[in-house]
Amino acid sequence: MRSEIKPIYWRNNAIYVLDQRLLPYKIKYLRLKTAREVAKAIKDMAIRGAPAIGIAGAMGLALTAYHSRAKTVEQLLAELKRSYETLRNTRPTAVNLFWALERVMKIAETRCSVDELRRLILDEALKIMEEDLEANRKIGFNGSKLIDDGDGILTHCNAGALATAGYGTALGIIRAAFEEGKKITVYACETRPRLQGAKLTAWELMRDGIPVKLITDNMAAFLMQRGLINKVIVGADRILAKTGHVINKIGTLSHAIAAKYYNIPFLVAAPTSTVDFKSTPDEVVIEERDEKEVLYIDGKKIAPRGVRALNPAFDITPPDLVSYIITEKGIYRPEELRELSLTT
Ligand code: RUB
């Protein structure tokens, strides 16, 4: 296997983010030194994927703390609150961003000196990143038990190393099954409009030598009917513990409906930082992105002048279409997720 993909890391007082907008053609890291720059990178999707934007948000707060000239804890807290607001107003759907920002802000309440607080905040952000990598390895280990030798696996969007601190959630399970010697073929949906499947998932899997075939999103049901797909594995941007609904990249719901019709297990892989213990489906904001993403592909217009487009970035899959949710803590049926709050 090739060296591991690092979508984000901290070095020499700055964070480095692999610019995912340029993949698979170009590998270029952005050097970010302020929370504002991090917020822009999240908004413009240089960094994307639920856990990865959570880590980036935490690192954004760490940059504010690290570079702050505040003389008192109160001054530092005021700066952190401004960065917190900027970072949380970037993307509304993935819960990991809010989870990570809250976690760092909680640490900021520690009673200590300004210098100690600065260090504690950076440590917490780094810990969030390390824990995510560890969680992905565990998700891979847990989930690979559900994969059989010879499986054809459908995946959607990118829930890989690029969407996380590394290794990946859905792709973590695929990696773990492959490392165990299982012969699998991955069918990666291209994932219009932004093509995360074509640009990112296909790139990640090819790098690791994992057999992958790229398909357009509308081919999935036909491949299920033909018997080429035995499992569907996707990531998640938010899983609602109260109701068991799974919010993930637009197109996930169609795959879940087709999988149910053809009796194919529909698996969702995500760390517990993706579980929202409070909200119901109507309370979640589904991000609406610029219609240009639908009207253009790689800068080229593909529709008649004047036509308008819709661009919801995520959809909501009801629990009866979901077979299992695989987290670092274990494998759950959607209705069992509530119990997780008791152990978290
Ligand atoms: C990303 C997306 C991914 C999940 C993966 O959307 O929908 O499937 O974030 O999360 P976008 P996880 O590219 O718009 O950010 O890796 O936790 O399963």
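Worth knowing before you read on, the calculation uses all heavy atoms, side chains too, and leaves out hydrogens, waters and symmetry mates. Atoms within a ligand are numbered from 1 in the order they appear, just like the ligands themselves.
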> Is E4 paired with R137 through a side-chain N to carboxylate O contact shorter than 4.0 Å?
Replying inline: yes
>> Suppose we measure from atom 15 (O) of ligand 1 to each protein heavy atom; which comes out shortest, and what is that distance?
In response: R91 NH1, 2.8 Å
>> So if I count the atoms of ligand 1 from 1 in the order they appear, which ones are less than 4.0 Å from some heavy atom of A269?
In response: 18 (O)
>> Are F266 and Y324, when compared by the centres of their aromatic rings, separated by less than 6.0 Å?
In response: no
> Using a heavy-atom cut-off of under 4.0 Å, does the side chain or the backbone of N158 touch ligand 1, or both, or neither?
Replying inline: backbone
> Is it true that A313 lies under 4.0 Å from ligand 1, counting heavy atoms only?
Replying inline: no
> Does any N/O atom on G235 come nearer than 3.5 Å to any N/O atom on ligand 1?
Replying inline: no
> In the protein, which heavy atom is nearest to atom 16 (O) of ligand 1, and how far is it?
Replying inline: T169 OG1, 2.8 Å
>> For atom 10 (O) of ligand 1, tell me which residue out of A236, A163, A159, A52 has the closest non-hydrogen atom.
In response: A236
> Taking 4.0 angstrom as the limit, do D148 and K231 come out as a salt bridge?
Replying inline: yes
> Does ligand 1 have any atom that is closer than 4.0 Å to a heavy atom of C157?
Replying inline: yes
>> Considering N248, T327, I326, T201 one by one, which has a heavy atom nearer to atom 8 (O) of ligand 1 than any of the others?
In response: N248
>> Show the atoms of ligand 1 that are less than 4.0 angstrom away from any heavy atom in Q196.
In response: 11 (P), 13 (O), 14 (O)
>> Determine whether E283 and K242 satisfy the following criterion, salt bridge (charged side-chain N to carboxylate O under 4.0 Å, His left out), listing intermediate values before the conclusion.
In response: CA-CA 12 Å; E283 288 163 348; K242 272 189 181 170; 5.5 Å; no
>> Taking the cut-offs as 6.0 angstrom to the six-membered ring centre and 45 degrees off its axis, would you call K292 and Y296 a cation-pi pair?
In response: no
> Among all protein non-hydrogen atoms, which one is nearest to atom 6 (O) of ligand 1, and what is the separation to 0.1 Å?
Replying inline: K249 CE, 3.3 Å
> At a 4.0 Å threshold, what atoms of ligand 1 neighbour a non-hydrogen atom of P271?
Replying inline: 17 (O)
> Could an N or O of ligand 1 be found under 3.5 Å from any N or O of A270, whether backbone or side chain?
Replying inline: no
>> Can you tell me which residue among R192, R194, K199 is in a salt bridge (charged side-chain N to carboxylate O under 4.0 Å, His left out) with D298?
In response: K199
>> Using the rule given for salt bridge (charged side-chain N to carboxylate O under 4.0 Å, His left out), can you reason through K40 versus E37, listing the C-alpha separation, both sets of side-chain angles and the distance that settles it, and then say yes or no?
In response: CA-CA 5 Å; K40 188 168 177 346; E37 286 172 2; over 6 Å; no
> Strictly under 6.0 Å, is that where the ring centroids of Y66 and W10 end up?
Replying inline: yes
> For ligand 1, is N136 a contact, meaning one of its heavy atoms is under 4.0 Å away?
Replying inline: no
>> Minimum distance, heavy atoms only, to atom 9 (O) of ligand 1: which one of A50, A94, A135 is it?
In response: A50
> Is there a heavy atom in M45 that sits closer than 4.0 Å to ligand 1?
Replying inline: yes
> How would you list, by chain and number, every residue that makes a salt bridge (charged side-chain N to carboxylate O under 4.0 Å, His left out) with E335, sequence neighbours excluded?
Replying inline: none
> Would you call R119 and D123 a salt bridge, using N to O less than 4.0 angstrom?
Replying inline: yes
> Can you tell me if E79 and T64 form a side-chain donor-acceptor pair at under 3.5 Å?
Replying inline: no
> For ligand 1, which atoms have a heavy atom of T164 less than 4.0 angstrom away?
Replying inline: 16 (O)
> What residues, two or more places apart in sequence or in another chain, satisfy salt bridge (charged side-chain N to carboxylate O under 4.0 Å, His left out) together with D276?
Replying inline: R238
> Which residue and non-hydrogen atom of the protein lie closest to atom 1 (C) of ligand 1, and at what distance in Å?
Replying inline: R48 NH2, 3.5 Å
>> Could you identify the single nearest non-hydrogen protein atom to atom 7 (O) of ligand 1 and state the distance to 0.1 Å?
In response: D237 OD1, 2.7 Å
